[in-house]
Amino acid sequence: MSDFKAFDFRTRFGTKHFPSPIFTASGCAGYGRELSQFFDLGELGAVVTKSIAVKPRSGRPTPRMAETPSGMLNSIGLQGPGIDDFLEHDIPWLQKSGARTIVSISGESIEEYASLARRLRSVTGLSGIEVNISCPNVENRGLVFACDPIASRSVVEAVRRNIGGELPIIVKLSPDVTDIVAIAREVVDAGADGLALINTVLGMVIDIDARRPKLAGITGGLSGPAIRPIAVRAIYQVHSALPNIPILGMGGVASGRDALELVFAGASGISIGTATFGNPTAAIVVKTELENLLKERGFTSFTEAIGAAHER
Amino acid sequence: MSDFKAFDFRTRFGTKHFPSPIFTASGCAGYGRELSQFFDLGELGAVVTKSIAVKPRSGRPTPRMAETPSGMLNSIGLQGPGIDDFLEHDIPWLQKSGARTIVSISGESIEEYASLARRLRSVTGLSGIEVNISCPNVENRGLVFACDPIASRSVVEAVRRNIGGELPIIVKLSPDVTDIVAIAREVVDAGADGLALINTVLGMVIDIDARRPKLAGITGGLSGPAIRPIAVRAIYQVHSALPNIPILGMGGVASGRDALELVFAGASGISIGTATFGNPTAAIVVKTELENLLKERGFTSFTEAIGAAHER
Amino acid sequence: MSGINQRAIQKSVEVLSNKRVGSYHHMVFAVGEMAARVVPGNFVAISVGGPSSNLILRRAFAVYRASDRGQYGGTIELVIAPHGSGSKWLAERDIHDRIDMVGPLGTNFGIPKDPVNALLVGGGYGSAPLFGLAEILKNRGCRVDMILGASTAGKIYAPLEGKRSVSSLHLTTEDGSAGAKGRVTDLMVGLIERHQVDIIYSCGPMAMLEAVDKVAMSHQLMHQCAVEESMACGIGVCMTCVIPIRDESGTIKMSRSCIDGPVVDGSKVVWGSSRKIPEGTWGAP
Amino acid sequence: MSGINQRAIQKSVEVLSNKRVGSYHHMVFAVGEMAARVVPGNFVAISVGGPSSNLILRRAFAVYRASDRGQYGGTIELVIAPHGSGSKWLAERDIHDRIDMVGPLGTNFGIPKDPVNALLVGGGYGSAPLFGLAEILKNRGCRVDMILGASTAGKIYAPLEGKRSVSSLHLTTEDGSAGAKGRVTDLMVGLIERHQVDIIYSCGPMAMLEAVDKVAMSHQLMHQCAVEESMACGIGVCMTCVIPIRDESGTIKMSRSCIDGPVVDGSKVVWGSSRKIPEGTWGAP
Ligand SMILES: Cc1cc2nc3c(=O)[nH]c(=O)nc-3n(C[C@H](O)[C@H](O)[C@H](O)COP(=O)(O)OP(=O)(O)OC[C@H]3O[C@@H](n4cnc5c(N)ncnc54)[C@H](O)[C@@H]3O)c2cc1C
Ligand SMILES: Cc1cc2nc3c(=O)[nH]c(=O)nc-3n(C[C@H](O)[C@H](O)[C@H](O)COP(=O)(O)OP(=O)(O)OC[C@H]3O[C@@H](n4cnc5c(N)ncnc54)[C@H](O)[C@@H]3O)c2cc1C
Ligand SMILES: Cc1cc2nc3c(=O)[nH]c(=O)nc-3n(C[C@H](O)[C@H](O)[C@H](O)COP(=O)(O)O)c2cc1C
Ligand SMILES: Cc1cc2nc3c(=O)[nH]c(=O)nc-3n(C[C@H](O)[C@H](O)[C@H](O)COP(=O)(O)O)c2cc1C
Ligand code: FES
Ligand code: FES
């Protein structure tokens, strides 16, 4: 079915244009090195790196994962080398590799987000910042920022103030809230150029032989095809409320058809997360399938398809 | 492995004792008639009936369902004959059948819940009332009661006031909230004898050929194994906060192992919902498997196992 | 016992044969006592995908033929169109594989006491339940004419043994690759008049059933049709499969096509109601 | 290119044979050029469950043998213990079925330049990668003694062709159904002293590896072990498979057993760290 009429696959977040709407999902592609053996990272809109913190983090003890029906739970605990090490070793490699890079940051306080933004301000050649606010706020009884409109807003204001320039800020929201649109409005109001939907859903598995939670971290984040209907719903709700804010959609996308569902719901880009664990080349498979599905349906550019399910 | 040492399978909600901890889930067993061909309804702890409203309801247009990975979406819209017809035709049949019955009620205003409670007050031989508060409150911009602690509390107070006597009130909560423990505390405080966890998770599927939401109701409730980790987490959280409140657990239970996960998390009973669609005798399969798993683990009574995953 | 699903049983059944016929798979299953309970119009519900499948719902299939004698005891035959993951999985089963079947389910075609002239209209695999019906009508001394339509020749299911029990068989395809180019309704009026048809039976896609019903109405003919709505449970407990139907009193109710159907009186159906609740339906918002 | 996973390729491979051996399945796959890239200690990651499966993660299996010549071109052999849904699904594959394989992955056993006396210790299917290793050591002129242990006889995997490359093979079972009753470590000291063992290689359950490492330590012997942690991706991107390992500078880091392992230096592992982060680990809370 795929014809040869030129097809424009580009998409945009804030000031940045991307040649492809397929991205990696933070925490599901490391810092790029591991996947570069399987495909050219330049094929992606961008590599979204594992959320980086101010200091090195050991992450949580093992077991860190449990497979669930059509999904998995993870409790990694944001393991990472910290921003200094990251800027010294990982960013340079990514830039040499020819990949566009969106850096995901995570903090335990407003000040940590601010200082991460300051560190990234000086880095040239980045395509954006993804702000992971699904992290416990040590200054507020460990309440997750993303669950509190005010805390979410403050994080984004702090990042906006410190990042300066025109680097797009994409804020990643948690689905574990009563009203995701309310949170979306706050962070957009605070200066977010785009939104990433959705982070994992809080879940738990019990080991019925050991009679205790399977994960050392007790609860974990549910991801994979099991949560796709939740992602589609969140994207649809937020896109209807804020039609002009680009959404980086994710949640159980493993095929072009899955991706198209999120695009029709309102996503301007698609991140591939858990699917990469089942298939190292998942991002490329999705990219190829999505392009063909769009062409078969007579689209001449990707952007025409964004939010198409809202039209009637 | 199953030995012949007497095993006590009973469980309790409020003042009522049930010979088995396996129940049907509201909306997944009609009013009992349909399943009576496949097994003796007396084998169940109780039949939990499809949520009944004050007036007849046509429910939503079709399509009303979409299958999703290890789950399904439904948007039935609480179709039913209304309380009068229900009390005239369905309750008598259930009572003749020898099934214990828990009546699930749903309303669009506090007053509707109150009047449903008044109607049920006079009915003899019921085993309990399940209050489905995952319904839009017409008096408050259609905001779902279960998403608002105050509205949830008012519903339960109204039911408590009007039901009188000692009929157990089990309040069914929605997982689509930022803090399910906060809601649980409110409704228990307002007089709930038990909690039912969890109702479906709000989701959506898009028909990529029709370019619109697959369901006529646009969004729907996600159920089945896909949401089990969310159910286990919700039950675990609520049981740690309120260890003395019995929980009727549900969400993707299709086997004895699944049921045991929820029991170890803190459930005093298990409702079988979507699994019945895939297997009419699912409730009996789960019951038999659960009894064997408990015996293999040396339990002599079901109640010993409740919340066992919290002990270490 | 409530009467609902009263002939249904659940059984692990063996695949006896699986043959490709045009775009379809004709499959035979050893079902034991289930076979004797089947009446034309009934369907069965089958679990698909195997042990660690992500497909959690049964798939519904109309019974093409059921016979309770024969070397393998009771057998049920189905005609499967490989459509999505579930039906494809089923169509890939080999001889001796076992599958879990619940049936027979649903209503059946009503059989008139006296010999009448019947017109049977089928679309695609919708022809499947009509052959068993034709056989019974024939034995009751009825004249049976049949029209089968589909988009293209490969999608018409009309086996030899089936043809025996019909007085005349007419085909239509939208691409003209078999029979007359066009739709089943193009041939209906002619046959109705030529053979003084008393009753119409139909099975196929909703749009076809609606068109057939229009013709039946305009000739004041009884019309029994087997509808096809998406079903989650197939046994009446989920309320996903409803269609608006007028009851005796004329009230429109959203009725479950799995237990109040699939065979319903065409004149009672409120057609074209996908994505809307008809005006005046009982309990409409 | 980063160097990580640099020998790995992804390929749809054909099942050439599947034989039951005790509690295990010995399976052979036609993998083409993948075979030539394998070194003992490497593993492969396989998708399980088929098209509509609810199992979304790959399963990891150590390569038992790899050969790049032979009538089917390159082949890889695995020893599969049917454990849960995924490994059972794999063990049920028939000849000519195709599966999706990524490999070779992970680190490999280091081979000493000069001939040394090596003791190879395997638990359960953990013996699989040791036979390929033994062959290489043998060809390098090493003396190779092997101890294989399991709970019971059926769980010891010790094929004839494998035995050829070892100087002595000793078995232990916890129920005494084969070899000496007890654990592999009961026989280690005797063999270490009798044959002046220079290096120990091991593969098996974590608890066994820890016990083996204690013995290695007490005799100041090099110990290379292949660890087994739950893996979601197998290629280094998910961070689920970590174990605490001391680096050159002595800092403990949570290292990925899929790319910094499975073969690691036993003396560098901080044992018994399931469900806790060892004191002083880099970035510990
Ligand atoms: C009463 C009845 C009789 C039927 N008889 C036959 C028959 O004889 N031969 C035949 O080939 N098919 C028949 N069908 C249709 C058959 O059930 C569907 O083709 C099948 O369920 C599709 O499943 P899938 O996984 O292949 O497709 P998918 O599209 O992946 O299915 C997704 C979900 O939608 C439902 N669904 C999709 N299409 C249909 C449909 N057309 N009707 C009902 N549910 C659907 C499925 O049950 C499943 O729950 C019948 C359906 C009904 C209701
Ligand atoms: C490096 C390595 C080499 C291995 N080599 C072999 C081998 O040669 N032969 C063999 O039979 N098995 C081997 N295993 C173990 C094998 O991967 C597991 O038995 C298998 O993944 C279990 O999957 P399941 O679906 O059958 O079980 P389930 O328990 O249903 O699996 C559920 C999840 O847990 C993971 N999991 C469960 N048990 C293990 C385990 N022991 N190790 C790692 N992940 C696990 C699975 O990958 C899956 O994601 C190896 C594991 C690793 C990490
Ligand atoms: C193992 C794992 C680690 C993750 N780490 C992060 C992270 O560091 N930062 C973040 O914002 N999201 C993280 N996520 C969430 C994913 O980026 C993504 O939002 C989620 O998994 C849903 O997409 P998926 O279903 O395609 O995986 C992680 C997910 C997984 C499975
Ligand atoms: C088709 C369908 C209809 C339902 N109707 C109701 C209802 O009327 N009232 C209610 O409280 N819950 C209703 N539920 C929710 C179930 O009772 C149950 O809470 C949910 O499906 C999770 O359990 P499960 O995964 O076992 O189905 C319905 C669920 C389904 C799938
Ligand atoms: S399919 Fe469930 S009620 Fe008809
Ligand atoms: S398994 Fe994913 S990092 Fe090792």
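Computed from a prediction, not measured in an experiment: that's the story for all the values here. Lettering of chains follows the sequences in order, A, B, ..., and the numbering in each one begins at 1.
Taking 4.5 Å as the limit, every side-chain heavy atom of B:Leu35 sits out of range of all side-chain heavy atoms of C:Asn5. Inter-residue side-chain proximity for C:Ile56 and B:Phe277 is flagged as unmet; no heavy-atom pair is nearer than 4.5 Å.
Electrostatic pairing of C:Arg59 and B:Glu67 counts as a salt bridge here, judged by a charged N lying under 4.0 Å from a carboxylate O.
Between the side chain of B:Gln37 and the backbone N or O of C:Ala8, at least one donor-acceptor pair lies under 3.5 Å.
When heavy atoms are compared at a cutoff of 4.5 Å, C:Val102 approaches chain B solely by way of its side chain, counted from C-beta outward. Heavy atoms closer than 4.5 Å to chain C are found in the backbone of B:Leu215, but not in its side chain. Looking at C:Pro285, the atoms closer than 4.5 Å to chain B (heavy atoms on both sides) sit in the backbone and in the side chain alike. With a 4.5 angstrom heavy-atom cutoff, B:Thr62 touches chain C via backbone and side-chain atoms both. Neither the backbone nor the side chain of B:Ser75 comes within less than 4.5 Å of any heavy atom in chain C. Heavy atoms of B:Asn279 lying under 4.5 Å from chain C belong to its backbone as well as its side chain.
The environment of CZ in B:Arg257 is sparse: at most 12 heavy-atom neighbours from other residues, nucleotides or ligands sit within 6.0 Å.
Chosen from C:Ser274, C:Gly234, C:Cys233, the residue pairing most often with chain B at heavy-atom distances under 4.5 Å is C:Cys233. Chain C forms more heavy-atom pairs under 4.5 Å with one residue of B:Ala254, B:Gly71, B:Gly77 than with any other, namely B:Gly71. Highest contact tally toward chain C, considering only B:Cys28, B:Gly273, B:Ala66, is held by B:Cys28 [criterion: heavy-atom pairs under 4.5 Å]. Ranked by heavy-atom pairs under 4.5 Å with chain C, the first of B:Gly30, B:Gly278, B:Ala29 is B:Gly278.
Residues of residues 245-258 of chain C placed with any heavy atom under 4.5 Å of a heavy atom in chain B are listed by number as C:Met254, C:Arg256. Identified by a heavy-atom distance below 4.5 Å to chain C, the contributing residues of residues 49-59 of chain B are B:Pro56, B:Arg57, B:Ser58, B:Gly59, in residue-number order. For residues 73-91 of chain C, heavy-atom neighbours of chain B at less than 4.5 Å comprise no residues at all.
Of the inter-residue distances, the one linking C:Thr240 atom OG1 with B:Arg60 atom CZ reads 14.0 Å to the nearest 0.5 angstrom. How far CZ of B:Arg33 is from CD1 of C:Ile259: 9.5 Å, rounded to the nearest 0.5 Å. For the atom pair CD (B:Glu34) and CD1 (C:Ile4), the distance works out to 4.5 Å, reported to the nearest 0.5 Å. With rounding to the nearest 0.5 angstrom, the CE atom of C:Met239 is 14.5 Å from the CE atom of B:Met65.
For the residue pair B:Pro61 and C:Lys276, the shortest heavy atom distance occurs at CB-N, 3.3 Å.
With sequence neighbours excluded, the residues forming a side chain to side chain contact (heavy atoms under 4.5 Å, CB included) with B:Ser70 are A:Pro69, A:Ser70, B:Pro225, B:Ala226, C:Asn54, D:Asn54, listed by chain and number.
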